[in-house]
Amino acid sequence: MKHHDPSRRFLPESAVDYESCLNPAQLEAVLTREGPLLVVAGAGSGKTRTVTYRVARLVEDGIPPSSILLLTFTRKASQEMLHRCTELLDDRCRRVAGGTFHSFAHAVLRRHAGRIGFPEGYAIVDRSDAESLIAALRKEFHSRHRERSFPTKKTLADIFSRSVNKGRDVQDIVLDEYPHLGEDIESIVELQHRYAASKMEHRVVDYDDLLLLLERLLREAQDIRAKSAETYRYILVDEYQDTNILQAKILHLIGADHRNVMVVGDDSQSIYAFRGANFENIMRFPEMFPGTRIIKLEENYRSTQPILDVTNAIIAQARRKFTKHLFTRNAGGMVPQLVQTPNEKSQSRWVIDTVAQLRRCGIRLGRIAVLFRASYHSFDLEIELNREGIAFIKVGGFKFMESAHVKDVLAHLRVLANPYDRISWLRILMLLDRIGPKTAQAAYDAVVRVGRGHEGLFAGKDRCIVRKELDGLRDLFRRLEAIPRSHPGELGTAVLAYYKPLAEKMYDDHPRRVRDLEQLTAIMERYESLESFLADMALEPPTAAADNHLTGEWRDPDRLTLSTVHSAKGLEWDAVFVLWALDGRFPSQYALEKEKDLEEELRLMYVAATRARERLYFLCPAYAFDRATGTVLNRPARFVADLPENLLERVYLEGMDGSSGFEMRW
């Protein structure tokens, strides 16, 4: 394909050989200088390369570097891009204005905040300080609600932030995302108003205020908007599919006059709605900037064609999208597989045995990843990996033994197995109202004096034991004593029933935590005794969690990667396993109820699949019971279930008891 833009006449004199370094679509994006441009960059299609070369080309064409604005989602991303530009061309690229939307907002507000009635000498508070301010205001509200729990400072900060980033009222956020807090809506709204007033009084802004105030400034102060548009004549935005509604408005305000706006992104990888990202931004860009030129980057430099055939078939199911077809010049490769195992344990064992075969083929652990929709989906696999001594690192969410609610439930079970476990006793006692460390220690000492371990709760007359706060705990242990130790699943269910009301008081996100514990109970059901389950939990607990972002700095060539799909975006591995590709798990049960949520789950599956370079496996148990809904899950993920056999090979494993020794197809 040959591009006929007039600027092509300068290519022979260029310091950079654009034609040999870029494919035709990339070259077209780099050489299109004037007017709005939407670059729909498919997974692995060289998006960063395209942005870098375009900045260099603008500078080489004589555009003053200071009039070019590059907006990215992290400061590090903009620094790396501009560093590449400098290496590609020369030091002029160092003068390009690069940064995040928030840093740009701060630079403008620092000079003009007074125009909208906000002190120009304001200070920016970080999330911790913002939560402290909310906590101080919250005390008064909490005193009015002593009969029930009131949202924590963290939850309140999350609600206020989501309200700003999604452009929705606090009431809507609570009803949609925190329905269990519905009784407190009026107080939460009032607290938000007081929080805003307090920030004004103390001359501070939080992270979200920067965007809110900049949008208002540009909208109300026409001269400042015009000056900003004149200063930044060429604007480039990376990862546009992840922008929120305020960022899209800001971009339109400063770019609508000259219209030299280039945004780069992939609608198929819009997966951060929970953070406020608005999928409609990238879809409506041509409407916001009429006459937009759309260029699609479809040549993939990551995956084999069989993998791309599957990812193309997955995203083709999206109702709203920019249609594109990824292709590669890398011939050959194995057909991806959909592996259906009898149960969760056999799913874990299949992964472990396949990883062993991959290693024998020369693929190191660090080049293999297991991806999943939610953190708890890997709990069973973590147990099996520890059992086999396979080193791994987990990213995204939390690890099996690192969450307070899991530790709480296990503490009750440990006391049942060992009535003199002091650490577990203190933990479960301090979960109760009006019992602090001193009272808990006194109660433990009294139980020991009485003897007979937890039975001492029933027989003793010590004041620390007969307190009414312990009535529920006494009832729990009576129920537990009636259940055989050979039925760990039933024991776990009983503890969960007792613990659930406590979790509702302690955690604003208790619905998610209860789902985690239901998964823990499901794992317990495959054990033959309580002792064997607790032994597995204690002998080799998962190691400390890594940061919630995968980076090359911590990647270990000798450790398997376990990651949520959200944390894996933008990365790649030679072999990828997508765990729990089962309707009700991935896509999640809750997403099945709303078309918009289901569409995002589809994009999430697409992101998972496009992480693979050479081998791709979707796995799911043939049968799983969902405790939350009381339903049986037995259908592979709808996004892959009906793909043609020539695109996705089916592997059915029957009669497995969870042990290894079955034959795998390659």
Side-chain angles (χ1 to χ4, degrees), residues 1-5 7-8 10-11 14-61 63 65 68-74 76-89 92-93 96-98 234-243 251 255 260-270 281-282 285-286 289 292-303 308 322-329 569-572 607 610:
M1 171 183 135
K2 292 292 184 181
H3 184 75
H4 299 290
D5 188 275
S7 63
R8 280 288 300 279
F10 296 111
L11 286 179
S14 297
V16 179
D17 188 356
Y18 297 96
E19 287 185 298
S20 64
C21 295
L22 302 168
N23 66 38
Q26 292 171 334
L27 185 64
E28 183 181 2
V30 167
L31 298 181
T32 301
R33 191 166 109 176
E34 305 294 328
L37 177 62
L38 169 60
V39 178
V40 181
S45 63
K47 168 183 68 67
T48 300
R49 185 179 189 83
T50 303
V51 174
T52 301
Y53 273 73
R54 185 168 195 267
V55 171
R57 181 62 190 175
L58 288 173
V59 173
E60 192 176 22
D61 270 357
I63 304 299
I68 303 171
L69 176 63
L70 172 62
L71 295 171
T72 60
F73 268 79
T74 65
K76 182 179 179 181
S78 66
Q79 288 176 335
E80 288 181 352
M81 286 185 183
L82 294 180
H83 177 70
R84 290 189 194 182
C85 292
T86 301
E87 290 186 328
L88 187 63
L89 188 61
R92 286 177 292 171
C93 295
V96 170
Y234 292 86
I235 304 173
L236 299 87
V237 183
D238 188 30
E239 301 286 8
Y240 191 67
Q241 78 281 348
D242 294 334
T243 54
L251 181 63
N260 295 324
V261 178
M262 169 181 166
V263 300
V264 183
D266 185 3
D267 56 297
S268 301
Q269 296 188 71
S270 178
N281 284 354
I282 193 167
F285 182 82
F289 292 90
T292 290
R293 185 175 190 169
I294 300 176
I295 298 174
K296 300 176 183 179
L297 304 186
E298 298 174 293
E299 182 170 357
N300 180 279
Y301 296 94
R302 174 186 300 154
S303 307
L308 296 180
F322 289 108
T323 302
K324 55 187 173 297
H325 187 83
L326 296 183
F327 68 93
T328 182
R329 301 181 191 185
K569 184 175 176 287
L571 301 168
E572 61 185 54
V607 168
T610 53

Verdict with reasoning, V16 to R57, per side-chain contact (heavy atoms from CB on, under 4.5 Å): CA-CA 8 Å; V16 179; R57 181 62 190 175; over 6 Å; no
Residues V39, V51; criterion side-chain contact (heavy atoms from CB on, under 4.5 Å); working and verdict: CA-CA 10 Å; V39 178; V51 174; over 6 Å; no
Q26 side, atom CD; C21 side, atom SG - distance, nearest 0.5 Å: 10.0 Å
Contact summary for I294 and V40, nearest pair of heavy atoms: CG2-CG2, 4.1 Å
Option among L236, N260, V96 that satisfies the side chain to side chain contact (heavy atoms under 4.5 Å, CB included) test with L58: L236
Close side-chain approach of V264 and T50, heavy atoms under 4.5 Å: no
Heavy-atom closest contact (L37 atom, F285 atom, distance): O-CE2, 4.0 Å
Separation between CZ of R302 and OG1 of T610, rounded to the nearest 0.5 Å: 6.0 Å
Ionic contact status for D242 with K569, cut-off 4.0 Å: yes
Approximate separation, where rounding is to 0.5 Å, of T52 OG1 and L88 CG: 8.0 Å
Where S78 and G98 come nearest, the two heavy atoms and their spacing: OG-C, 4.0 Å
Exercise: do E239 and Q241 side chains pair donor with acceptor under 3.5 Å: yes
Sidechain-backbone polar pair: T243 side chain, Y240 backbone, donor-acceptor under 3.5 Å: yes
Taking every non-hydrogen atom, the tightest pair across A56 and C93: CA-SG, 4.5 Å
Heavy-atom side-chain contact between P286 and L38 under 4.5 Å: yes
K324 bridged to D266 by N-O distance under 4.0 Å: yes
Separation between CD1 of I235 and CD1 of I68, rounded to the nearest 0.5 Å: 11.5 Å
Short N-O contact, E87 and R84, less than 4.0 angstrom: no
Residue pair R33, Y234: steps toward the side-chain contact (heavy atoms from CB on, under 4.5 Å) verdict: CA-CA 9 Å; R33 191 166 109 176; Y234 292 86; 3.8 Å; yes
I282 to F322 - nearest heavy-atom pair and separation: O-CE1, 3.5 Å
Between Q79 and H83, a side-chain donor and acceptor under 3.5 Å: no
Step-by-step side-chain contact (heavy atoms from CB on, under 4.5 Å) determination, R49 to Y301: CA-CA 12 Å; R49 185 179 189 83; Y301 296 94; over 6 Å; no
Side chains of K296 and S45 in contact at under 4.5 Å (non-hydrogen atoms): no
Distance, nearest 0.5 Å, that separates CG of L89 from CD of E60: 5.5 Å
Separation of M81 CE from L70 CG (nearest 0.5 Å): 6.0 Å
Closest approach of M262 to R54 (non-hydrogen atoms, all atoms of both residues): SD-CD, 2.8 Å
